[in-house]
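Working notes, beginning with the structure itself.
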Amino acid sequence: MKQRVREIIEAALVRAHEAGALPSREFPPILVEEPRVEAHGDFSTNVAMVMAKIQKMAPRKIAEGIIDHLADPGGVLLRTEIAGPGFINFFIAPAAWPPVLEEVHEAGDRYGASAMGGGRKVQVEFVSANPTGPLHVGHGRGAAVGDTVANILAFCGFDVRKEYYINDSGRQIRTLGRSVFLRYTELLGRTVSFPEDCYQGDYIRELAGAIHEDRGDELEKETEEAAVAYCARRAAREILSGIEADLEVFGIRFDRWFSEQSLFDEGRVDGAIADLKDRDILYEKDGALWFRTTDHGDEKDRVVVRGNGQTTYFASDIAYHRDKFGRGFHRVIDVWGADHHGYVARMSAAVEAMGIERERFGVILVHLVNLLRAGRPVAMSTRAGEFVTLREVVDEVGRDAARFIFLTRHYESPLDFDLELAKQKTNDNPVYYVQYVHARISSIFAKGEEEGTIAGDDLTSPNPDLLTEPEEIALIKALSRYPEAVENSAALLEPHRVAYFLMSLATLFHAYYNKHRVLTETADLTRARLYLVLAVRKVIRNGLSLLGVSAPDKM
RNA sequence: GCGCCUGUAGCUCAGAUGGAUAGAGCAACGGACUUCUAAUCCGUAGGUCAGGGGUUCGAAUCCCUUCAGGCGUACCA
């Protein structure tokens with residue numbers, strides 16, 4: 001509908017110019033918005049004010065010229081008015097709304113989908129937690145955001161791949177190996193002093209126990225280096241498969257798990273370094289190899305190969321991102337914890353230095369999660385091994401509630417996740433509020449079938465024009481806004497917009513439900529209302545599925 | 001010190017690209033279940049959009065500045 005209004009305005013501008021009412025034919029992009037105040041109409045535009053300078057006319061005068069040349073062949077406009085400093089307000093004829101329902105029904109599962117992506121390949125890399133311990137709630141937030149952003153982009157016509165980058169090389173993995181090996185030697189009856197910088201969690205003992213069970217004391221016969229390496233490899237593999245299982249429970253499946261170690265094994269790190277050196281993007285200083293990131297906006301150059309010959313984490317990341325773009329992704333989106341924000345400038349600089357336009361690389365910084373229980377903070381420290389895992393949270397509060405909570409805040413806002421609140425079935429926890437709409441509508445259909453008034457979802461020749469109640473028009477208006485909500489969500493990479501849309505749609509539905517009956521004495525009216533609520537159910541289910549939340553028929 | 005993020009009702013949070021009178025939930029108070037699910041609805045009350053300056057027809061939104069909280073500032077990952 002908004003699009004239709006925009007077209008009407010565009011046509012009026014051209015006609016007004018041709019008729020001499022507007023001197024310049026230079027028109028700005030037309031902004032059509034939905035005013036907060038009902039008295040200002042269904043839509044309004046500020047074009048007249050924006051054009052004042054170009055046209056060298058008073059805004060209200062321009063507005064008059066536009067209104068005089070409005071054509072409305074479809075008869076959607078009830079009336080228009082000029083208001084305030086030069087707004088043009090449009091009031092839509094109530095009868096113009098019900099036909100919108102046909103669009104919802106025709107598109108079905110695809111309602112709200114768009115072609116904005118044009119099939120371009122996009123990669124979303126998220127979670128990518130080191131395989132040194134189980135996932136915690138913070139990872140869960142990143143997982144929910146990354147997964148949903150990817151879903152929404154795919155829905156908007158991008159060819160999306162979800163990827164998990166495994167940091168299976170480097171010091172943390174060696175530390176993991178050392179931690180497990182030490183616990184293992186403990187099991188052999190030795191007393192060891194367990195260093196503070198090793199991983200303290202109980203899961204380390206479990207991993208050591210499993211190795212002890214399989215291999216007995218065999219590892220003792222190997223060199224310590226080999227034994228530690230074995231422990232590291234094996235522990236990382238097992239932790240990773242635990243992570244994969246936890247993500248599966250959380251409703252997330254990756255298209256690809258990408259190993260950092262493979263970059264070394266296949267010579268991609270060396271390859272990237274050699275290439276960048278040839279192009280004079282890397283230079284030597286003080287025995288180290290540096291990247292000229294300052295040429296691309298970073299505050300200082302960064303080391304890629306240290307004086308001792310070891311590559312930095314940055315080196316792997318350069319090789320990794322080079323590989324990503326080499327795979328033909330038009331756009332690459334990384335989802336990181338906000339504590340890595342200091343890394344964004346250098347990574348962006350590196351990408352740009354490799355000849356890739358800056359807009360093609362984006363980082364979503366997901367802010368931290370404070371885990372609470374009934375208002376009190378729950379201690380969280382990976383190293384000390386005191387933390388609540390994502391799995392425990394999902395087991396306790398449920399996948400739907402957990403995902404929804406992560407997605408009802410902007411990712412740049414710190415999040416308090418209260419376990420007790422998350423279990424409550426109140427409106428402080430709106431996932432149930434939204435799901436309840438779906439259940440209620442399903443229940444209406446169940447009742448209708450039971451009474452024999454309808455058969456399944458099959459509504460023969462409904463007449464939407466019978467939907468004249470203000471609550472019905474309000475619902476239809478809301479449904480018509482869904483595609484735009486999804487597009488905005490995709491354009492801004494902000495999944496919470498879909499969640500908020502669903503909550504507001506739910507509010508309108510519950511109000512309608514409480515005031516009017518769907519199954520009435522009049523067959524025509526019943527069919528029309530079923531047609532409406534079925535459209536609502538489709539959109540609720542559609543939106544929830546983007547968020548990775550289930551749409552239950554019963555609650 | 002410098003950089004990034006955050007600051008909106010008692011609490012938790014929305015308010016993209018600057019628009020007209022600032023929004024929701026929770027909590028508080030008062031109402032609505034013989035009905036298609038009350039996990040719901042209706043109403044009342046609640047504000048110096050952290051403070052100050054600026055830009056303009058118009059600022060929660062853009063710019064400058066102060067304050068508060070978080071994070072980051074390695075030849076760590």
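Here is how names work: the chains are called A, B, and so on, in the same order as the sequence lines, proteins then strands, and each is numbered from 1.
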>> By the rule that syn is within 90° of 0, classify the base conformation of B/C29 as syn or anti.
In response: anti
> So what does A/His516 hit on the nucleic acid, given a heavy-atom distance under 4.0 Å: a base, only sugar-phosphate, or nothing?
Replying inline: base
> Counting side-chain heavy atoms from CB outward, which of B/C36, B/C75, B/C41 is closest to A/Tyr513?
Replying inline: B/C36
> What nucleic acid atoms does A/Asp301 come within less than 4.0 Å of, heavy atoms only: base, sugar-phosphate, or nothing?
Replying inline: nothing
> At under 4.0 Å between heavy atoms, what does A/Lys515 touch on the DNA or RNA strands: base, sugar-phosphate, or nothing?
Replying inline: nothing
> Are A/Phe87 and the base of B/A20 stacked, counting only ring centres nearer than 5.5 Å and planes tilted under 30°?
Replying inline: yes
> Just checking A/Leu289: base, sugar-phosphate only, or nothing, at a heavy-atom cut-off of under 4.0 Å?
Replying inline: nothing
>> What's A/Pro430 touching, base or sugar-phosphate or nothing? Going by heavy atoms closer than 4.0 Å.
In response: nothing
> Hey, does A/Met49 reach any base, or is it just sugar-phosphate, or nothing, if we go heavy atoms under 4.0 Å?
Replying inline: base
>> Distance to the ring centre below 6.0 angstrom and angle to the axis at most 45 degrees; does that hold for A/Arg79 and A/Phe91?
In response: yes
>> Under 4.0 Å, counting only non-hydrogen atoms across every strand here, what does A/His340 touch: a base, just sugar-phosphate, or nothing?
In response: base
> What integer number of Å spans the P atoms of B/U21 and B/G25?
Replying inline: 23 Å
> If pairing requires Watson-Crick or G-U wobble contacts with both distances under 3.5 Å, which nucleotide is the partner of B/A45?
Replying inline: none
>> Does B/C36 have OP1 or OP2 under 4.0 Å away from a side-chain N or O of A/Tyr512?
In response: no
> Which is true for A/Ser44 with a 4.0 Å heavy-atom rule: it touches a base, it touches only sugar-phosphate, or it touches nothing?
Replying inline: base
> Does A/Lys300 have a side-chain nitrogen or oxygen under 4.0 Å from the phosphate oxygens OP1 or OP2 of B/G72?
Replying inline: no
> For atom P, what is the distance between B/A14 and B/C2, given to the nearest Å?
Replying inline: 29 Å
> A/Arg306 has a side chain; which of B/C76, B/C13, B/C36 sits nearest to it?
Replying inline: B/C76
> Choosing from B/U12, B/C75, B/A38, which nucleotide comes nearest the side chain of A/Arg440?
Replying inline: B/A38
> If you look at every strand shown and take non-hydrogen atoms under 4.0 Å, does A/Asp339 touch a base, only sugar-phosphate, or nothing?
Replying inline: sugar-phosphate
> Using the P atom in both, what is the distance from B/C71 to B/C64, to the nearest Å?
Replying inline: 25 Å
> So with a 6.0 Å cut-off around NZ of A/Lys515, is the heavy-atom count from everything else above 12?
Replying inline: no
> Can you name the nearest heavy-atom pair linking A/Ile166 to A/Leu240, along with the distance?
Replying inline: CD1-CD2, 3.5 Å
> What is the distance, rounded to the nearest whole Å, between atom CE of A/Met555 and atom C1' of B/A38?
Replying inline: 13 Å
> Between A/Ala338 and A/Ala83, who's closer to the 5' end of RNA chain B by nearest nucleotide?
Replying inline: A/Ala83
> Rounded to whole angstrom units, what separation is found between the CE atom of A/Met51 and the P atom of B/G19?
Replying inline: 19 Å
>> Need one value for A/Asn429: base, sugar-phosphate or nothing, where a base atom within 4.0 Å counts as base even if backbone is also close, heavy atoms only.
In response: nothing
> Which listed nucleotide (B/C75, B/A20, B/G70) is nearest to the side chain of A/Pro35?
Replying inline: B/A20
>> Between B/C4 and B/C42, how far apart are the two P atoms, rounded to whole Å?
In response: 44 Å
> Please give, in whole Å, the distance from B/A39 C1' to A/His438 NE2?
Replying inline: 16 Å
> What integer distance in Å separates A/Phe404:CZ from B/A24:C1'?
Replying inline: 13 Å
>> Does B/A39 have its OP1 or OP2 closer than 4.0 Å to a side-chain nitrogen or oxygen of A/Tyr432?
In response: no
>> Of the listed nucleotides (B/U40, B/C13, B/G15), which one gets closest to any side-chain atom of A/Arg409?
In response: B/C13
> Within this structure, what is the OH-to-C1' distance between A/Tyr343 and B/A74, rounded to whole angstrom?
Replying inline: 12 Å
>> Partner lookup for B/C26, please. Criteria are Watson-Crick or G-U wobble with both distances under 3.5 angstrom; report none if nothing qualifies.
In response: B/G10
>> Please tell me if A/Arg302 has a side-chain N or O lying less than 4.0 Å from either OP1 or OP2 of B/A74.
In response: no
> Any idea which heavy atoms bring A/Phe264 and A/Ser316 closest together, and the distance?
Replying inline: CZ-OG, 3.5 Å
>> Does the plane of the ring in A/Tyr512 sit parallel, tilted or perpendicular to the ring in A/His516? Use 30° and 60° as the thresholds.
In response: tilted
>> Let's test this: given Watson-Crick or G-U wobble pairing with both distances under 3.5 Å, identify the partner of B/U40.
In response: B/A32
>> I need the single residue from A/Ile88, A/Asn89, A/Val5 that forms a side-chain contact (heavy atoms from CB on, under 4.5 Å) with A/Thr45. Which is it?
In response: A/Ile88
> Given that both distances must come in under 3.5 Å, which nucleotide forms a Watson-Crick or G-U wobble pair with B/C62?
Replying inline: B/G54
> Short question: side chain of A/Arg268, backbone of A/Ser262 - any donor-acceptor pair under 3.5 Å?
Replying inline: no
> Closest to the A/Glu484 side chain: B/C36, B/A16, B/C41?
Replying inline: B/A16
> Any side-chain N or O of A/Arg346 under 4.0 Å from OP1/OP2 of B/U73?
Replying inline: no
> Given atom OH of A/Tyr433 and atom C1' of B/A39, what is their separation to the nearest angstrom?
Replying inline: 11 Å
> How would you label the contact of A/Asp418 with the nucleic acid (heavy atoms, under 4.0 Å): base, sugar-phosphate, or nothing?
Replying inline: nothing
> So which nucleotide from B/C41, B/A14, B/G15 ends up closest to the side chain of A/His410?
Replying inline: B/A14
> With a 3.5 Å cut-off and no angle check, do the side chains of A/His510 and A/Arg440 form a donor-acceptor pair?
Replying inline: yes
> Between A/His496 and A/Ala511, which has a closest nucleotide on RNA chain B that is more 5'?
Replying inline: A/His496
>> Taking B/G18 as the reference, what is the distance to B/C76 when you measure between their P atoms (whole Å, please)?
In response: 44 Å
> With rounding to whole Å, what would you report as the distance between B/A22 and B/C13 at their C1' atoms?
Replying inline: 14 Å
> Contact class for A/Gln310 (heavy atom, under 4.0 Å): base, sugar-phosphate, or nothing?
Replying inline: nothing
> How many Å lie between CG on A/Asn46 and P on B/G18, as a whole number?
Replying inline: 10 Å
> Is there a donor in the side chain of A/Tyr283 and an acceptor in the side chain of A/Asp301, or the other way round, less than 3.5 Å apart?
Replying inline: yes
>> I want to verify a distance call: between B/U73, B/C5, B/C71, whose nearest atom is closest to the A/His367 side chain?
In response: B/C5
> For A/Gly307, which contact category applies under a 4.0 Å heavy-atom criterion: base, sugar-phosphate, or nothing?
Replying inline: base
> Counting just side-chain N and O atoms, does A/Arg529 come under 4.0 Å of either OP1 or OP2 of B/C36?
Replying inline: no
>> Rounded to whole Å, how long is the line connecting atom NE2 of A/His341 with atom C1' of B/C71?
In response: 4 Å
>> What's the gap between B/A50 and B/U35 when it is taken at their P atoms, as a whole Å value?
In response: 47 Å
> Is there a Watson-Crick or G-U wobble partner for B/G72 with both distances under 3.5 Å, and if so, which one is it?
Replying inline: B/C2
>> Testing A/Leu493, A/Leu492, A/Leu546 one by one against A/Val149 for a side-chain contact (heavy atoms from CB on, under 4.5 Å), which residue passes?
In response: A/Leu493
> Base, sugar-phosphate, or nothing for A/Asp298, non-hydrogen atoms under 4.0 angstrom?
Replying inline: nothing
